[in-house]
There are 2 protein chains.
Amino acid sequence: MTARAKSAPQTTENHCSKHHALASHPAAKLPPLTVMESQRMGEFFALLADPTRLRLVSLLAADEFCVCDLASSLSMTESAISHQLRALRAARLVSYRKEGRQVFYRLHDHHVLELYQTVREHLEE
Amino acid sequence: MTARAKSAPQTTENHCSKHHALASHPAAKLPPLTVMESQRMGEFFALLADPTRLRLVSLLAADEFCVCDLASSLSMTESAISHQLRALRAARLVSYRKEGRQVFYRLHDHHVLELYQTVREHLEE
DNA sequence: CGAAAGCATGAACGTATATTCAGATATTCG
DNA sequence: CGAATATCTGAATATACGTTCATGCTTTCG
């Protein structure tokens, strides 16, 4: 049983490399992402990687809504919506306004709207 | 033990709603996302939600690279890189070119590059 | 041909995450 | 004040996902 073929666990050694002069792309300006930068950027994209959150954004792209309206629009529980809005809030993608016992959410700034619209158009082909 | 308080399992009923005339945002053009659209869009963002894939994109934004170079640049196994490249390939975010026993990857089109650069600039503040 | 390099792939394991459930907080109204 | 409404929150469960491990495939070279 203990026969474990140890196939040189694919360590990271630069065997090949240096094959062609760095032609560099037309738009090659920024240096590669560091680990930390990539993690931060990944967290940003992860926020928009959820269908529920995206539908919330698409609703808020048109108007301001309270939690219960958002919940009924998406046919989901208010609890689930509230959890997702919290994530969007923490990342400053949405902001909110309290009016009585209701809380109205809206997109925080135009950056989010623009990014959403850009990607949406890109996926419509 | 079986005392389960049935706290009206938060069904989806439109109790409130209709509070204000639909003022509609300045840039309110597109209808809300359907479930299927949001899933598809979510899959797109999910691809860019991983630090490793983002670092790959950031490298490929500057030039074309083979798998082993990408692996050594990120200090990761070629297997892990290959798996991630497959995901990027399946979504047509990267394309590749075989040369001998090496495979050179590059960004598939300028859309990806532009989106990456836009978001990166947006996160640098 | 046979060995090694470069890359791809399937299974498995560990972790992250979205929803549900139960309950808490805050506000309005009788 | 007490009940109802609107929202938030923590814990738990189920599922998705990334890496590792082992192996297969293709090409190059002796």
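Proteins come first, then strands; the chains are lettered A, B, ... in the order of their sequence lines, and each starts at number 1. Only a predicted model underlies this, so the values are computations on that prediction, with no experimental measurement involved.
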For this session: Using modelled atom types only, decide if a donor and an acceptor are shared between the side chain of B:R106 and the backbone of B:E64 within a distance under 3.5 Å.
Result: no
Exercise. Between C:dT28, C:dA8, D:dT19, which one does the side chain of B:S82 approach most closely?
Worked result: C:dA8
Exercise. Is the ring centre of A:H83 under 5.5 Å from the base ring centre of D:dT9, and are the two planes under 30° apart, so that they stack?
Worked result: yes
Seminar exercise, completed: B:E99 atom CD is separated from D:dT28 atom C1', nearest whole Å, by 13 Å
Exercise. Tell me: CZ of B:F65 to C1' of C:dG6, nearest whole Å?
Worked result: 17 Å
Problem set entry | Distance, rounded to the nearest Å, where A:Q39 contributes CD and D:dC17 contributes P | 19 Å
For this session: Calculate the interatomic distance between B:E78 atom CD and C:dA8 atom P; express it in whole Å.
Result: 9 Å
Exercise. Is a side-chain donor or acceptor of B:R55 paired with a backbone partner of A:Q39 at a separation under 3.5 angstrom?
Worked result: no
Problem set entry | Contact nearer the 5' end of DNA chain C, comparing B:I81 with A:T52 | B:I81
For this session: Measure the CG-CG distance between A:L56 and A:L70 for me, rounded to the nearest 0.5 Å.
Result: 5.5 Å
Exercise. In terms of side-chain heavy atoms of A:R89, which of D:dC8, C:dC21, C:dC29 is nearest?
Worked result: D:dC8
Problem set entry | Rounded distance in Å - CG (A:D69) to C1' (D:dT5) | 14 Å
Check the interface with nucleotides 12-17 of chain C: list each N/O to N/O pair with the protein under 3.5 Å, or write none.
none

Exercise. CG of A:L85 versus C1' of D:dT7: gap in Å, rounded?
Worked result: 10 Å
Exercise. Which of these nucleotides, C:dT20, C:dC7, C:dG6, is closest to any side-chain atom of A:S79?
Worked result: C:dT20
For this session: Side chain of B:Q102 only, please: which of D:dT27, C:dC7, D:dT7 is the nearest?
Result: C:dC7
For this session: Check the distance between D:dG18's C1' and B:L54's CG and give it to me in whole angstrom.
Result: 14 Å
Exercise. Between B:Y105 and C:dA8, does any side-chain N or O lie under 4.0 Å from OP1 or OP2?
Worked result: yes
Seminar exercise, completed: Here the distance between atom C1' of D:dT20 and atom CZ of B:R86, to the nearest Å, is 15 Å
Exercise. Below 4.0 angstrom from OP1 or OP2 of C:dT20, is there any side-chain N or O of A:T77?
Worked result: yes
